[in-house]
Asker: 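One structure, as structure tokens, below. Some questions next.
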Amino acid sequence: MRSPLPGRDHMAQPLPAPAGELLPPQVRDSFPALAEAREVYLDSAATTQKPRAVIETVRKYHSSATANAARGTYPWATALTQRIAAVRAHTARFVGATHSDEIVFTGGATAALNAVALCWGLTALRDGDEILYSPRDHAANVHPWYLLRDTLARFGRRIDLVPYRVTATGAADLTDIAEKVSPRTRLLTVAHLHHVFGSTTVLSDIRALLPDRVLLCYDCSQSGGHIPVDVTALAADFAVFAAHKMFAAPGTGVLYCHRRVHPELRPFLPGGTTDVQLTAGGFDSGRMPGLLEGGTPNIPGILALGTALEVLESYGMTAISAHNTALTRRLLTGLREVRGVDFLPGPAYGGPGTGHGIVSFTLDGISAADLGFVLAEYGFLVRTGSHCVPGGAAGDAVRVSTQIYTGSDDIDRFTDRVRALAQEIA
């Protein structure tokens, strides 16, 4: 019977640890699920493991002074209101926003992207306007624009969705984008760090070539917590983040809205605490961020995000990025030695120093799903399939993704196992 994790005596001599790598045991100890597991977790692009400090934050909210925020005037409630305001300000600093009222808490990154479509697109777009997008992005950055187009069509307004290409490295093709921008273009949406290809796209270089009317929307679901993100430097009008991919809890997202777009926004989830004023003709939009926040927020999720940001800053985003880049190069070096491995667009086609902890590949003679199943039998947890890309446009592949708690030993054992499986299949 095969051992879940083959011992070192069955492995090739490991390569030296990447320069500057944090000692994995020291990091892993602060992530309870990893400290207790024999498996090697290589699916951090799907969700990150949770550090003990984040788990404790959630536990404390539910076990001590549980209350609602922005409602009561008693100490438990006012303390939570102040803590959420502090997390909002902290989040603004973390992502490079200039003002805390540019930060909106949502139910997740998917909810944040849908909020852009509903709170801006429904009322700001006019007949014939265009949105530029990539069909190879995550469904959360594709489907909302199709729904918006369909909804507007039901009210007699037609908008066009214009697809652009990606390069061999998996980044958005800026040349193709520049050629497709037209007088009707109103929104350009991109993945800052692609969840399958592991490539980054920065639009600030072409911002000067675009008319002011063209708004830039970044899906930072993958880059948040993995590489440094500065929405001001990116020249973003909108940017979204997924807390559960930043060491925090599921069910919480962040929507960044630059102040210049605030006058164009309408509430998409009106309810208690939404900042609107009722009038005889309906209601007038109020101030941000209350304009886009209604109902009881995910209080433990927001508090967990605040703690997660502290954990990320304790490691340093530059160090985390360098760690993942080093592991990416190590992974590519190992997989290139395996006969039958074919890489999807991404860091495999980039230069030295590229890659941000995501590599997707296929292996001749076995489907991605079967390969993922076999790897799991050996204790290597990876993602397989079309990876939430509509219509399978990204291809069926195995995706390996890392974080600060991933060690060079994890990568070495993984590539050795893929090599052994390839030899069995041949």
Side-chain angles (χ1 to χ4, degrees), residues 109-110 112-195 197 199-221 223 231-240 255-266 268 345 389-391 393-394:
T110 298
L113 284 162
N114 277 274
V116 176
L118 297 175
C119 72
W120 174 77
L122 274 182
T123 56
L125 294 180
R126 298 291 177 261
D127 193 58
D129 283 347
E130 298 173 345
I131 294 176
L132 268 62
Y133 78 107
S134 171
R136 305 181 81 179
D137 276 356
H138 193 285
N141 198 23
V142 176
H143 288 167
W145 317 120
Y146 275 83
L147 178 61
L148 175 62
R149 183 180 67 176
D150 180 72
T151 302
L152 289 174
R154 292 168 185 256
F155 290 92
R157 262 185 291 165
R158 177 187 58 83
I159 65 169
D160 293 320
L161 303 181
V162 181
Y164 57 79
R165 298 191 299 265
V166 298
T167 66
T169 62
D173 189 329
L174 300 186
T175 301
D176 189 45
I177 288 174
E179 291 175 352
K180 290 179 174 175
V181 171
S182 80
R184 303 301 301 176
T185 303
R186 290 296 313 279
L187 182 73
L188 168 55
T189 183
V190 299
H192 184 213
L193 173 57
H194 199 278
H195 69 294
F197 304 144
S199 53
T200 56
T201 296
V202 175
L203 299 172
S204 54
D205 292 341
I206 67 170
R207 171 74 267 188
L209 304 178
L210 302 175
D212 287 343
R213 70 173 181 278
V214 179
L215 302 185
L216 304 184
C217 177
Y218 284 87
D219 180 1
C220 298
S221 302
S223 55
V231 294
T232 300
L234 291 173
D237 294 292
F238 300 109
V240 308
L255 169 60
Y256 163 78
C257 299
H258 192 287
R259 272 189 173 180
R260 82 167 180 135
V261 302
H262 289 189
E264 299 183 61
L265 303 178
R266 298 284 285 172
F268 77 104
V389 177

Asker: Output a table of donor-acceptor pairs, distance under 3.5 Å, between side-chain atoms of residues 208-217 and any protein atom two or more places apart or on a different chain; print 'none' if there are none.
Answerer:
{"unit_1": "Arg213", "atom_1": "NE", "unit_2": "Pro183", "atom_2": "O", "d": "3.0"}
{"unit_1": "Arg213", "atom_1": "NE", "unit_2": "Thr185", "atom_2": "O", "d": "3.4"}
{"unit_1": "Arg213", "atom_1": "NH2", "unit_2": "Ser182", "atom_2": "O", "d": "2.8"}
{"unit_1": "Arg213", "atom_1": "NH2", "unit_2": "Pro183", "atom_2": "O", "d": "3.1"}

Asker: What residues, two or more places apart in sequence or in another chain, satisfy salt bridge (charged side-chain N to carboxylate O under 4.0 Å, His left out) together with Arg126?
Answerer: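 Salt bridge (charged side-chain N to carboxylate O under 4.0 Å, His left out) check on Arg126 returns nothing, list empty.
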
Asker: Minimum heavy-atom separation for Leu122 to Leu118, with atom names?
Answerer: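 So the minimum-distance heavy-atom pair works out to CB-O, 3.5 Å.
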
Asker: Ignoring hydrogens, what is the shortest heavy-atom contact between Gly128 and Asp160? Give both atom names and the distance.
Answerer: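 Gly128 and Asp160 have their closest heavy atoms at O-OD2, 4.5 Å.
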
Asker: For Ala139, what residues pass the side chain to side chain contact (heavy atoms under 4.5 Å, CB included) criterion, not counting sequence neighbours?
Answerer: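 Expected list: His143, Pro390.
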
Asker: Measuring only between side-chain heavy atoms, which start at C-beta, is Leu203 closer than 4.5 Å to Leu174?
Answerer: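 Result yes, sub-4.5 Å side-chain heavy-atom pair found.
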
Asker: Rounded at 0.5 Å granularity, tell me how far CZ in Arg165 sits from CZ in Arg136.
Answerer: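 It comes to 12.0 Å.
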
Asker: Hey, which of Leu161, Asn114, Ile131 is the one that makes side-chain contact (heavy atoms from CB on, under 4.5 Å) with Leu148?
Answerer: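 For Leu148, the side-chain contact (heavy atoms from CB on, under 4.5 Å) test succeeds with only one of Leu161, Asn114, Ile131, which is Ile131.
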
Asker: Please work out which of the three classes, parallel, tilted or perpendicular, describes the rings of His258 and Tyr256, given edges at 30° and 60°.
Answerer: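 Aromatic pair Tyr256/His258 classed perpendicular.
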
Asker: Test of understanding: with salt bridge (charged side-chain N to carboxylate O under 4.0 Å, His left out), list the residues that count as partners of Arg149, not counting sequence neighbours.
Answerer: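 Once residues adjacent in sequence are excluded, Arg149 has no partner under the salt bridge (charged side-chain N to carboxylate O under 4.0 Å, His left out) criterion.
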
Asker: Could you name each residue pair satisfying ring-ring contact (aromatic ring centres under 6.0 Å, His included) that touches residues 146-187, not counting sequence neighbours?
Answerer: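 Residue pairs passing ring-ring contact (aromatic ring centres under 6.0 Å, His included), neighbours aside: Tyr133-Tyr146.
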
Asker: Is there any side-chain hydrogen bond (donor to acceptor under 3.5 Å, both in side chains) pair reaching into residues 199-211, and which pairs are they, with sequence neighbours excluded?
Answerer: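 Those involving residues 199-211 do not exist here.
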
Asker: Between Pro144 and Leu113, which heavy-atom pair has the shortest distance, and what is it?
Answerer: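 Minimum heavy-atom contact is CB-O, 4.3 Å.
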
Asker: So, for Ala236 and Tyr218, which heavy atoms are closest and what is the spacing to 0.1 Å?
Answerer: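 Smallest interatomic distance, heavy atoms only, reads CB-CD1, 3.5 Å.
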
Asker: Can you name the residues that form a side-chain hydrogen bond (donor to acceptor under 3.5 Å, both in side chains) with Asp150, not counting sequence neighbours?
Answerer: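 Partners of Asp150 by the side-chain hydrogen bond (donor to acceptor under 3.5 Å, both in side chains) criterion, ordered by chain and then number, come out as Arg154.
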
Asker: Using every non-hydrogen atom in the two residues, find where Asp129 and Ala124 come nearest and quote the distance to one decimal.
Answerer: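 Where Asp129 meets Ala124 most closely, the heavy atoms are OD2-O, 4.4 Å.
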
Asker: According to side chain to side chain contact (heavy atoms under 4.5 Å, CB included), who are the partners of Arg259, at least two apart in sequence or on a separate chain?
Answerer: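 Scan of Arg259 (side chain to side chain contact (heavy atoms under 4.5 Å, CB included), adjacent residues dropped) gives His99, Asp101, Glu102, His262.
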
Asker: Taking side-chain contact (heavy atoms from CB on, under 4.5 Å) as the criterion, tell me which of Leu152, Leu125, Asp127 meets it with Arg158.
Answerer: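 Option passing the side-chain contact (heavy atoms from CB on, under 4.5 Å) with Arg158: Asp127.
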
Asker: Let me confirm one number: the CH2-CG distance from Trp120 to Leu187, rounded to the nearest 0.5 Å.
Answerer: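 CG of Leu187 is found 4.5 Å from CH2 of Trp120.
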
Asker: Using the side chain to side chain contact (heavy atoms under 4.5 Å, CB included) criterion, which residues pair with Cys119? Sequence neighbours excluded.
Answerer: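 Partners of Cys119 under the side chain to side chain contact (heavy atoms under 4.5 Å, CB included) test: Leu265, Phe268, Leu292.
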
Asker: Applying side-chain hydrogen bond (donor to acceptor under 3.5 Å, both in side chains), name anything that partners Ser223, two or more places apart in sequence or on another chain.
Answerer: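 Partners of Ser223 under the side-chain hydrogen bond (donor to acceptor under 3.5 Å, both in side chains) test: His192.
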
Asker: Restricting to non-hydrogen atoms, name the atom on Ile177 and the atom on Leu132 that form the minimum distance, rounded to 0.1 Å.
Answerer: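 It is O-CD2, 3.9 Å.
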
Asker: Could you please spell out the steps behind the side chain to side chain contact (heavy atoms under 4.5 Å, CB included) verdict for Thr123 and Glu264?
Answerer: CA-CA 8 Å; Thr123 56; Glu264 299 183 61; over 6 Å; no

Asker: List in chain and number order the residues that pass side-chain hydrogen bond (donor to acceptor under 3.5 Å, both in side chains) with Asp173, two or more places apart in sequence or in another chain; answer none if no residue qualifies.
Answerer: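 Asp173 satisfies side-chain hydrogen bond (donor to acceptor under 3.5 Å, both in side chains) with no other residue.
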
Asker: Which is it for Val240 and Ser221 under the side chain to side chain contact (heavy atoms under 4.5 Å, CB included) test, yes or no, and what are the steps along the way?
Answerer: CA-CA 6 Å; Val240 308; Ser221 302; 4.2 Å; yes

Asker: Would you say the side chain of Leu188 lies within less than 4.5 Å of the side chain of Val181, judging by non-hydrogen atoms?
Answerer: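 No, every pair of side-chain atoms sits at 4.5 Å or beyond.
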
Asker: Taking side-chain hydrogen bond (donor to acceptor under 3.5 Å, both in side chains) as the definition, give me every residue that meets it alongside His195, ordered by chain and number, with sequence neighbours left out.
Answerer: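 By the side-chain hydrogen bond (donor to acceptor under 3.5 Å, both in side chains) rule, His195 matches no residue at all.
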
